[in-house]
There are 2 protein chains.
Amino acid sequence: MADPQKRLETMLAKLKEKEMRITPQRFAVLKILSESSEHPSVERIYEQVRGDFPTTSLATIYKTIILLKGIGEVLEIGFGDGSSRYDGNKPYPHPHLICTRCRTIIDPDLDSLHDMTAEVSEETGFRITSHRLDFFGLCSECQKNR
Amino acid sequence: MADPQKRLETMLAKLKEKEMRITPQRFAVLKILSESSEHPSVERIYEQVRGDFPTTSLATIYKTIILLKGIGEVLEIGFGDGSSRYDGNKPYPHPHLICTRCRTIIDPDLDSLHDMTAEVSEETGFRITSHRLDFFGLCSECQKNR
DNA sequence: TTCCAAACAAATAATGATTATCAATAAATA
DNA sequence: TATTTATTGATAATCATTATTTGTTTGGAA
């Protein structure tokens with residue numbers, strides 16, 4: 001998480017540019033996304049927004065997330081099971097390291113990945129638009145605790 | 001798909017080893033998985049099995065797939081959306097190249113990936129047990145047809 | 001071979017995350 | 001301020017998957 005304030009402003013600017021309204025509920029979601037490094041779930045965002053706006057509906061969170069996905073300002077990280085988590089700080093594809101026990105997600109550095117896309121593209125003739133690279137395992141903490 | 005016959009035998013042997021029954025329905029599912037290079041969906045497998053056993057239930061296909069996942073003989077490939085496809089030929093993690101238009105899945109060669117796991121593991125202290133690498137885009141065919 | 005217990009199949013109900021619907025509300029525009 | 005449009009909140013619908021229930025099949029003991 002580089003600079004939450006700046007990230008928030010970027011997202012706000014993007015919404016304005018697209019002539020979308022910045023409602024209090026949307027603002028709350030954006031704020032949470034910009035400040036979170038934990039890759040929150042919809043449910044988690046929902047709970048936090050309800051802290052400020054107790055009448056907020058879960059549907060509104062979903063709609064806001066879909067909106068943000070649509071304009072490329074949030075990245076969805078789908079687990080193997082149905083559930084998803086969201087990254088509002090790095091909305092472009094990047095590798096994740098997921099602890100299958102405590103569900104922590106961290107973003108490892110991995111430069112070597114960059115060339116792969118070109119390699120695959122050339123090999124197959126695909127025009128590659130996106131990718132997904134996730135590693136699953138146990139974080140060092142969870143390795144200790146049994 | 002190296003040798004469907006051999007692959008089928010391997011899966012059968014694994015079931016036997018685990019003292020699980022090889023029922024006609026299960027056999028049909030194994031056969032389809034071993035012969036398919038198309039990475040079929042549950043629904044697709046279901047349709048095919050119904051060709052031979054018209055009374056087969058969708059639940060049976062799901063249960064068989066879950067069983068095979070459990071003993072590591074089939075790999076689930078989850079799309080971004082809810083749907084999944086299955087690979088009974090290479091049941092270990094390997095990269096995929098997915099056409100978002102026609103939903104074709106191919107398995108590119110990509111040796112460079114192998115070292116990544118070690119790199120990430122060392123960098124983060126994770127004990128990595130699995131991974132997932134998927135590229136999304138348009139296959140050459142779909143690039144032509146608009 | 002017959003019987004029994006365990007594994008399995010089929011049919012269907014339940015689940016649960018996500019999506020759609022729609023009346024009420026809020027914001028933008030004139 | 002009146003009008004138009006987007007958005008919200010509440011709730012219903014969807015749909016893939018999972019659980020449940022009941023009846024059937026299987027393999028082994030007697």
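Just so you know, these numbers use all the heavy atoms, side chains as well, and skip hydrogens, waters and symmetry mates. Naming convention: chains lettered A, B, ... in sequence-line order (proteins, then strands); numbering from 1 in each chain.
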*asked:* Show me the pairs that pass ring-ring contact (aromatic ring centres under 6.0 Å, His included) and involve residues 13-40 of chain A, at least two apart or across chains.
replied: A/His39-A/His96
*asked:* Show me the pairs that pass ring-ring contact (aromatic ring centres under 6.0 Å, His included) and involve residues 51-73 of chain B, at least two apart or across chains.
replied: none
*Kindly state each residue pair satisfying side chain to side chain donor-acceptor pair (under 3.5 Å) with at least one member in residues 43-59 of chain A, sequence neighbours excluded.*
A/Glu38-A/Arg44, A/Tyr46-A/Arg50
List for me each residue that meets salt bridge (charged side-chain N to carboxylate O under 4.0 Å, His left out) alongside [X], sequence neighbours excluded, and say none if there are none.
{"X": "A/Lys31", "value": "A/Glu35"}
{"X": "B/Lys90", "value": "B/Asp107"}
{"X": "A/Arg132", "value": "B/Asp134"}
{"X": "B/Lys69", "value": "B/Glu76"}

Spacing of [X] atom [atom1] relative to [N] atom [atom2], expressed in whole Å:
{"X": "A/Tyr46", "N": "C/dA17", "atom1": "OH", "atom2": "P", "answer": "13 Å"}
{"X": "B/Leu67", "N": "C/dA7", "atom1": "CG", "atom2": "P", "answer": "13 Å"}
{"X": "A/Ile61", "N": "C/dT18", "atom1": "CD1", "atom2": "P", "answer": "13 Å"}

*State, with a plain yes or no, whether a side-chain heavy atom of A/Leu58 is found less than 4.5 Å away from one of A/Val42.*
yes
*Partner residues of A/Lys18 under the side chain to side chain donor-acceptor pair (under 3.5 Å) criterion, sequence neighbours left out*: none
Under 3.5 Å, which N/O atoms of the protein pair with N/O atoms of nucleotides 11-14 of chain C?
| unit_1 | atom_1 | unit_2 | atom_2 | d |
| --- | --- | --- | --- | --- |
| C/dA11 | OP2 | B/Thr55 | O | 3.2 |
| C/dA11 | N7 | B/Ser57 | OG | 3.3 |

_DNA chain D contacts among residues 10-27 of chain B, heavy-atom distance under 4.0 Å_ = B/Arg21
*For DNA chain D, note the earliest and the latest nucleotide, 5' to 3', having some atom under 4.0 Å of a heavy atom belonging to chain B.*
D/dA16 to D/dT26
_Pairing residues for A/His131 by the ring-ring contact (aromatic ring centres under 6.0 Å, His included) criterion, not counting sequence neighbours_ = none
